Amino acid sequence: MKEKKETEEMTNFIYYMIKEDLEKGLLENKCVHTRFPPEPNGYLHIGHAKAILLNYTLAQIFDGKFNLRFDDTNPIREEQEFVDSIMEDIRWLGADWGDRLFFSSDYFDVKYQFAIRLIEAGRAYVCDLSQEEIRNYRGTLTEPGKESPYRNRTVKENLDLFERMRNGEFADGSRVLRAKIDMASGNLNMRDPVIYRILHTRHHRTGDQWCIYPMYDFDHPFSDALEGITHSLCSIEYTDHRPLYDWIVDNALELFPEAVKFRSRQTEFARMNLTYTVMSKRKLRRLVEEKYVRGWDDPRMPTIAGLRSRGFTPAAIADFQERVGVSRADSTADLALLEHCIREELETTAPRLMVVLDPIRVVITNWPAGKKEEIMMENIPGNENAGTRQVPFSGEIYIEREDFMEDPPKKYFRLAPGKEVRLKGAYIICCEEVIKDTAGNVTELLCSYDPQTKSGGDTSGKKVKGVIHWVSIEHAAGVKVNLYDNLFTIENPETERDIDFISYINPESLEVYEDVPAEPAVAEANPGSRFQFLRKGYFYLDPLAAGNEKPVFNRIVALKDSWAKVKKKG
RNA sequence: UGGGGCGUGGCCAAGCGGCAAGGCACGGGAUUUUGGUUCCCGCAUGCGUAGGUUCGAAUCCUACCGCCCCAGCCA
């Protein structure tokens, strides 16, 4: 990943909290140690990127450590496929976990021992209530719960039952292990939470070794303690779980001190939403399953895989997260900010190319027949190191259909009958005649060029306001272009109540141009590299389509278009 | 009507009793062979509301209002 961030750049409350912990010596002789704990049951999205980058960056800033730990305590939901994709995504983002890749399931054995100690201390018991009974006994938001009739079993009986649970003597759902806390607590999480359940399900890592599995609230704090995590960051909905987190760690410290590397503390921060998209796993899955997108990695998806195939860069995503910041308030970041970040990066790094998306033929009537001229163009204006390239120019070219108007408004600087415009890097041309088909559609423009106006050596003294891009027809290479736009038409499709978010899908979120003329230099472009199509936007040469007949370019983001604003205002 | 969290400009977000940072967006102007970039300028008499404390309040106190989360043997 890029160099460590200047600490001055990080100004969020978690950064200051850690800094204070360090100053007060609260970490004793430990270094800052964070972790990212994904459950391997789905794809990561840009909201996860916030958590990954926060944890990783914090560890970097303070010279600490960062663990990747898969939270795989529920064998029913988890699969190896997701472990692989998650690791790929995190690696791509640049968060390096070194040799600290862990799985919650690695510690099932110690966790079992810890559960036994809890039982021995009289702080956990085996409960025979059915799932429904447990729910009823729990009470409601406004009424306290009732104690389970099994709450006061003897330690001996609990130990025996728990062992038999582990040995597979009981059916799924018939018994659970519960922490004995407080059935009257206003915090439902403290009403004797279930900490182990019976699940005769094969686990993706431990196989059939276990038929009882720990619950998150028991597992997570203890895993943190085992790994010596100093700062356990999580999203805001876990705030209610913090007392339970502390209960577990305190008990571990008291009953199983030799297993605890550090008494970690949980700190919550708000998750991020993004405008013009949805973030919930359920909704993303629906988009995939109902084929509104081609898959989890569709370039319109807010998944890490989607952003990657769209052409976004890890640096732009990190910059975006940095600018969004971290707080405890619900927030929806503006997609415009993410777009700004990628444009800012690509402005100085992406070589330019001329491609005409919607071509109209231009014949330069006074151009010597058959003559070809090589035009030298800068790859990245203002950056000499990026070099130059030759672009062939001839008497028949394509220009963008929208760069010509038969009856232009006042502020239109492009081509129009009798008007002049500069062809980028080449000459100034003047539109002499408009040719139409029988339906009245413009099919071709007859123009004249002024030999005095060659770029770099213009002796005409002419000043034209408009400069347009072009491609020589004879020398053009064909490319396929995918124009991506927002997947949804409204800013917050997720928060609209009573209306199915599917109805806000943007029918024009993908526009495909099968064969579009591009300057011949495209042939040398490397798959996976990014370009600016002059005046159009930033594009990513799809590496997945590398074998195709034509190169495939995905639009990452369009260039800002102030003309569109002028037009709208009239 | 139980518990918890949060309310600072359109979107984020600093601020922690001394008189509202910054970014994006937006508006205006300059430069420009990308209507891009860059560069200037503008953009909260106001910090959910109402009271109170104080010489002084976004910051402290009180009450109220609004939004979010919690009743999985999910994480």
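Worth saying up front: this structure is predicted, and the values here are computed from it rather than measured. A note on names: the letters A, B, ... follow the listed sequences, proteins ahead of strands, and every chain is numbered from 1.
Protein atom CG of A/Asp219 is 13 Å distant from nucleotide atom P of B/C74, rounded to whole Å. If you take CG of A/Leu338 and P of B/C24, they are 14 Å apart, rounded to a whole angstrom.
Paired regions of RNA chain B, where each region holds three or more successive Watson-Crick or G-U pairs whose two hydrogen-bonding distances fall under 3.5 Å, are B:2-7 with B:65-70, B:10-12 with B:22-24, B:26-30 with B:38-42, B:48-52 with B:60-64.
A/His340 is linked by a side chain to side chain donor-acceptor pair (under 3.5 Å) to nothing, counting only residues two or more places apart in sequence or in another chain. Residues satisfying the side chain to side chain donor-acceptor pair (under 3.5 Å) test with A/Asn41, not counting sequence neighbours, are A/Glu39, A/Lys281. Residues that satisfy the salt bridge (Lys or Arg N to Asp or Glu O under 4.0 Å) test with A/Arg135, not counting sequence neighbours, are absent from this structure. For A/Asp172, there are no salt bridge (Lys or Arg N to Asp or Glu O under 4.0 Å) partners, not counting sequence neighbours. Shown here are the side chain to side chain donor-acceptor pair (under 3.5 Å) partners of A/Ser235, two or more places apart in sequence or in another chain: A/Glu237. Partners of A/Glu374 by salt bridge (Lys or Arg N to Asp or Glu O under 4.0 Å), not counting sequence neighbours, listed by chain and number: A/Lys372. Residues forming a side chain to side chain contact (heavy atoms under 4.5 Å, CB included) with A/Arg555 (at least two apart in sequence, or on another chain): A/Leu483, A/Phe539, A/Ala558. For A/Glu147, the salt bridge (Lys or Arg N to Asp or Glu O under 4.0 Å) criterion is met by A/Arg151, not counting sequence neighbours. Considering only residues two or more places apart in sequence or on other chains, A/Arg343 meets the side chain to side chain donor-acceptor pair (under 3.5 Å) condition with none of them.
Within a heavy-atom distance below 4.0 Å of RNA chain B, the residues of residues 197-205 of chain A found are A/Arg197.
Within 4.0 Å of A/Phe269, counting heavy atoms only, lies no atom of the nucleic acid at all.
Taking the six-membered ring for Trp and thresholds of 30 and 60 degrees, A/His203 and A/Tyr213 have nearly parallel ring planes, at less than 30 degrees apart.
Minimum atom distance to the side chain of A/Arg352 is reached by B/U34, of the listed B/C73, B/A13, B/U34.
For the C1' atoms, the distance from B/G42 to B/G48 is 27 Å, rounded to whole Å.
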Between the protein and nucleotides 25-27 of chain B, are there any N/O to N/O pairs under 3.5 Å, and if so, what are the atom names and distances?
from  : atom 1 : to       : atom 2 : distance (Å)
B/C26 : OP1    : A/Lys565 : NZ     : 3.1

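In this structure, A/Tyr216 forms no aromatic stack with the base of B/A75, since the conditions of centre separation below 5.5 Å and plane angle below 30° are not both met.
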